[in-house]
Number of protein chains: 2
Amino acid sequence: MTNQQPSLDLMFQALADPSRRGIVERLCAGPASVSELAQPLAMSLPSVMQHLQLLEGSGLIRSEKVGRVRTCRLEPEALSAAETWINDRRVLMERKLDRLEEYLRATAGDEED
Amino acid sequence: MTNQQPSLDLMFQALADPSRRGIVERLCAGPASVSELAQPLAMSLPSVMQHLQLLEGSGLIRSEKVGRVRTCRLEPEALSAAETWINDRRVLMERKLDRLEEYLRATAGDEED
DNA sequence: CAGATACTTAGGCATATGACTAACCAACAG
DNA sequence: CTGTTGGTTAGTCATATGCCTAAGTATCTG
């Protein structure tokens, strides 16, 4: 199996910061250079770099340098890992809730152990 | 674009830690007390408490103290916020990829590398 | 009431995170 | 070659995180 999971830790960590989510949102509209990504962030370029490195480390984005311009783009599959984890939990929860509901119905006027 | 979801920060932050995800996973099987949650964690109780507080602060779990036992349970709706954000991004990404594909198809014989 | 149980609070400590400035390197542009 | 642009590296700093122990509080249990 391709262990394409650098880790959920890094993924969620990456998404936990609004600036980084901002970068991800921006990249949804297509690839962008470092300075393009930096512009709306009210933050020094090195700080943006740090965020980008973290995002890249988490596997969420990928970047490539051509000439003196580094272009960043999203790694579409990456988000799936996080989504899958969350979705699995939700499914389990809902199943649990269903069972609870069922149980409550079953023991509605009748209490047994 | 009103993107003001302060809870997403806390939510993803909460999910970024394996112990906390472990707690969430465990709670999928139903409510549990603090010490039940602590047992598999190889960690002192106060540390577990901290994680629980963070989880509760993020809205992912809810807890209630009866007698001397605090019972924690998942807040099923909470995860949806995170899931929605991720899902939205994925949709945007896929749409973008579709457009890219389309574009590539449209310019297929026009300009080759 | 005495002791055990189940947290809870307080305080401390090491490392991680997120931000900055200053200085540096590598392409262009002229 | 010189200057500008785009990015990178290095070093600093403040705060946050994650863990701990020790000592507290509040319930039960006998």
Side-chain angles (χ1 to χ4, degrees), chain A residues 6-27 29-74 82, chain B residues 3-27 30-74 82:
Chain A
S7 69
L8 284 175
D9 285 29
L10 293 173
M11 187 88 66
F12 284 128
Q13 182 64 45
L15 294 175
D17 183 274
S19 302
R20 287 193 292 264
R21 279 202 310 282
I23 290 173
V24 169
E25 289 180 6
R26 197 178 181 78
L27 287 177
S33 71
V34 172
S35 33
E36 275 171 343
L37 292 172
Q39 260 178 33
L41 283 185
M43 184 188 295
S44 71
L45 213 51
S47 300
V48 175
M49 286 288 294
Q50 238 173 333
H51 285 304
L52 290 176
Q53 277 165 19
L54 208 155
L55 281 166
E56 196 156 9
S58 78
L60 278 169
I61 75 170
R62 174 167 53 92
S63 76
E64 189 188 6
K65 195 164 183 179
V66 176
R68 58 184 165 169
V69 176
R70 176 172 299 279
T71 301
C72 306
R73 70 196 67 232
L74 286 173
Chain B
N3 204 14
Q4 299 263 7
Q5 290 252 358
S7 45
L8 274 182
D9 284 32
L10 295 173
M11 185 91 64
F12 284 127
Q13 182 64 44
L15 294 175
D17 182 273
S19 302
R20 287 193 293 264
R21 279 202 310 282
I23 290 173
V24 169
E25 288 179 7
R26 196 177 183 79
L27 288 177
S33 72
V34 172
S35 34
E36 276 171 342
L37 292 172
Q39 260 178 34
L41 283 184
M43 183 187 298
S44 72
L45 213 51
S47 301
V48 175
M49 285 287 295
Q50 239 174 333
H51 286 304
L52 290 176
Q53 277 164 21
L54 208 154
L55 281 167
E56 196 155 10
S58 78
L60 278 168
I61 75 170
R62 175 166 53 92
S63 76
E64 187 187 7
K65 194 163 183 179
V66 175
R68 59 185 165 168
V69 176
R70 175 171 300 280
T71 301
C72 305
R73 70 196 65 233
L74 287 173

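Note on naming: letters A, B, ... go to the chains in the order of the sequence lines (proteins, then strands), and numbering restarts at 1 for each one.
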Inset, instruction - Any chance you could measure A:S19, atom OG, to B:D9, atom CG, to the nearest 0.5 Å? - result: 9.0 Å
Legend entry - Spatial distance of atom CG (A:L37) from atom CD1 (A:I61) [nearest 0.5 Å]: 7.0 Å
Legend entry - Results of side chain to side chain donor-acceptor pair (under 3.5 Å) for B:S44 - residues two or more places apart only: B:S47
Inset, instruction - Return the set of residues passing side chain to side chain donor-acceptor pair (under 3.5 Å) with B:E56 (not counting sequence neighbours), or none when no residue passes. - result: B:S63
Legend entry - Proximity to DNA chain C (any heavy atom under 4.0 Å), residues of residues 56-73 of chain B only: B:K65, B:R68, B:V69, B:R70
Atom of [X], atom of [Y] and distance for their closest heavy-atom approach:
X     : Y     : answer
B:L27 : B:C72 : CD2-O, 3.4 Å
A:L74 : A:V24 : CD1-O, 3.8 Å
A:L10 : A:G57 : CD1-O, 3.9 Å

Legend entry - Separation of D:dG18 P from A:D9 CG (nearest whole Å): 10 Å
Legend entry - Distance in angstrom units between A:L52 CG and D:dG6 P, rounded: 16 Å
Within the sub-3.5 Å range, which N or O atoms of nucleotides 19-21 of chain D have a protein N or O partner, and how far apart are they?
{"from": "D:dC19", "atom 1": "OP2", "to": "B:H51", "atom 2": "NE2", "distance (Å)": "2.2"}
{"from": "D:dC19", "atom 1": "N4", "to": "B:Q50", "atom 2": "OE1", "distance (Å)": "3.4"}
{"from": "D:dC20", "atom 1": "OP2", "to": "B:S44", "atom 2": "N", "distance (Å)": "2.9"}
{"from": "D:dC20", "atom 1": "OP2", "to": "B:S44", "atom 2": "OG", "distance (Å)": "2.9"}
{"from": "D:dC20", "atom 1": "OP2", "to": "B:S47", "atom 2": "OG", "distance (Å)": "2.6"}

Inset, instruction - With a 4.0 angstrom cut-off to heavy atoms of chain B, pull out the first and last contacting nucleotide of DNA chain C, in 5'-to-3' order. - result: C:dA4 to C:dT9
Legend entry - Inter- and intrachain pairs under salt bridge (charged side-chain N to carboxylate O under 4.0 Å, His left out), touching residues 29-55 of chain A, at least two apart: none
Inset, instruction - Return the 5'-most residue of the pair A:Q13, B:S33 with respect to DNA chain C, ranking by each residue's nearest nucleotide. - result: B:S33
Applying side-chain contact (heavy atoms from CB on, under 4.5 Å), can you list everything that pairs with [X], at least two apart in sequence or on another chain?
X     : answer
B:P40 : B:R26
A:Q13 : A:R20, B:Q13, B:A16
B:Q39 : none

Legend entry - Sequence-distant partners of B:R62, salt bridge (Lys or Arg N to Asp or Glu O under 4.0 Å), two or more places apart: B:E75
Legend entry - Residue list, salt bridge (Lys or Arg N to Asp or Glu O under 4.0 Å) with A:R70, at least two apart or on another chain: none
Inset, instruction - For the helix from C:dC1-D:dG30 to C:dG30-D:dC1, measure the angle between the helix axis at one end and the axis at the other, each built from five pairs, rounding to 10°. - result: 20°
